[in-house]
Amino acid sequence: MAAKKNIKQFVLYLLVGAGATAAEWVVFYLLEERLHIYYMTATGIAFVLSTFVNWALGRIIMFQSNQGIWKELAKIYLTSIAGFLMNLLIMWIAIQQLESDEMIAKMAATGIVFFWNFIIRKLVIYKI
């Protein structure tokens, strides 16, 4: 029964993650490719926006919380800092060391950090 619950939560979080990922990739693409903003800066701006989208969709779709919205948002952003740093590190390695395309690096970083975000939200923030 617990395995079924975890699978359902993970599938729902995939939906949440898809929405946040779409927001992140569109913002990153527009900033980096169209406005020619340095990829690390574009990554930071896209992170802030996608973290908010992730929180909002997560709250609507799967995470119920009785803590205040500002307290919850603070926890989301504080715990997301580690994910953001992982994102930057992956981007730097992929682009500077492996000479990967910026958008491909962004996609890889997003995929890896997705699992971090799910685990932190499930076990630390919402304790479900």
Side-chain angles (χ1 to χ4, degrees):
M1 189 65 140
K4 212 175 207 181
K5 179 183 174 187
N6 287 333
I7 291 169
K8 180 182 177 185
Q9 289 173 341
F10 186 75
V11 170
L12 288 173
Y13 195 71
L14 280 173
L15 295 173
V16 169
T21 297
E24 182 174 17
W25 289 359
V26 167
V27 170
F28 178 80
Y29 175 80
L30 291 173
L31 294 174
E32 200 273 330
E33 289 289 327
R34 298 294 183 202
L35 298 176
H36 306 289
I37 293 174
Y38 181 57
Y39 76 89
M40 288 291 200
T41 305
T43 297
I45 295 168
F47 160 79
V48 171
L49 178 69
S50 69
T51 298
F52 182 81
V53 170
N54 186 290
W55 165 77
L57 290 176
R59 202 156 209 264
I60 292 166
I61 294 174
M62 68 177 294
F63 294 123
Q64 305 303 315
S65 177
N66 55 4
Q67 52 191 317
I69 287 177
W70 294 112
K71 182 177 181 181
E72 185 179 342
L73 271 171
K75 286 181 180 180
I76 292 290
Y77 276 96
L78 286 173
T79 58
S80 293
I81 289 171
F84 176 62
L85 294 175
M86 284 188 280
N87 198 311
L88 288 176
L89 179 62
I90 294 164
M91 294 284 292
W92 180 82
I93 290 169
I95 294 167
Q96 299 297 324
Q97 304 303 310
L98 303 176
E99 299 180 3
S100 175
D101 175 75
E102 287 88 351
M103 198 66 215
I104 299 296
K106 184 72 189 133
M107 291 175 179
T110 300
I112 293 166
V113 173
F114 168 83
F115 291 100
W116 164 262
N117 285 335
F118 175 71
I119 291 167
I120 291 300
R121 281 163 177 74
K122 178 177 171 46
L123 300 177
V124 176
I125 296 174
Y126 297 105
K127 298 177 182 151
I128 57 172

How close do [X] and [Y] get, heavy atom to heavy atom, and via which atoms?
X	Y	value
I95	A105	CG1-CB, 3.7 Å
V53	A23	CG2-CB, 4.0 Å
Q9	M62	O-CE, 3.3 Å
N54	G17	ND2-CA, 4.5 Å
N87	A109	OD1-CB, 3.5 Å
T43	F28	OG1-CE1, 3.4 Å

So if you build clusters from Ile, Leu, Val, Met, Phe, Trp, Tyr with side-chain heavy-atom gaps below 4.5 Å, do [X] and [Y] land together?
X	Y	value
L12	V124	yes
V11	F118	no
V16	L123	yes
Y38	L88	yes

Once you round to the nearest 0.5 Å, how far does [atom1] of [X] lie from [atom2] of [Y]?
X	Y	atom1	atom2	answer
W92	M40	CH2	CE	8.5 Å
L14	I61	CG	CD1	11.0 Å
W25	L30	CH2	CG	14.5 Å
N117	T79	CG	OG1	7.5 Å
K106	I90	NZ	CD1	9.0 Å
F47	L49	CZ	CG	11.0 Å

For this session: Name the orientation class of the two ring planes belonging to F114 and Y13 (parallel below 30°, tilted from 30 to 60°, perpendicular beyond 60°).
Result: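 Geometry flag for Y13 against F114: tilted rings.
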
For this session: Take the angle between the ring planes of W55 and F52 and call it parallel below 30°, perpendicular above 60°, tilted in between.
Result: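 The rings of W55 and F52 sit tilted, inter-plane angle from 30° to 60°.
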
Problem set entry | Q97 atom CD, over 12 foreign heavy atoms within 6.0 Å |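 Buried by this count: over 12 neighbours within 6.0 Å.
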
Taking the side chain as C-beta and beyond, is there a heavy-atom pair between [X] and [Y] under 4.5 Å?
X	Y	value
T41	E32	no
E24	V113	no
F84	Y77	no
M103	E33	no

For this session: Just jot down the side-chain hydrogen bond (donor to acceptor under 3.5 Å, both in side chains) partners of S80, sequence neighbours excluded, or say none.
Result: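 Here the qualifying residues are R121.
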
For this session: Applying side-chain hydrogen bond (donor to acceptor under 3.5 Å, both in side chains), name anything that partners Q96, two or more places apart in sequence or on another chain.
Result: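 For Q96, the residues satisfying side-chain hydrogen bond (donor to acceptor under 3.5 Å, both in side chains) (neighbours in sequence not counted) are Y39.
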
Problem set entry | salt bridge (charged side-chain N to carboxylate O under 4.0 Å, His left out): pairs with one or both residues in residues 68-93, sequence neighbours excluded | R59-E72

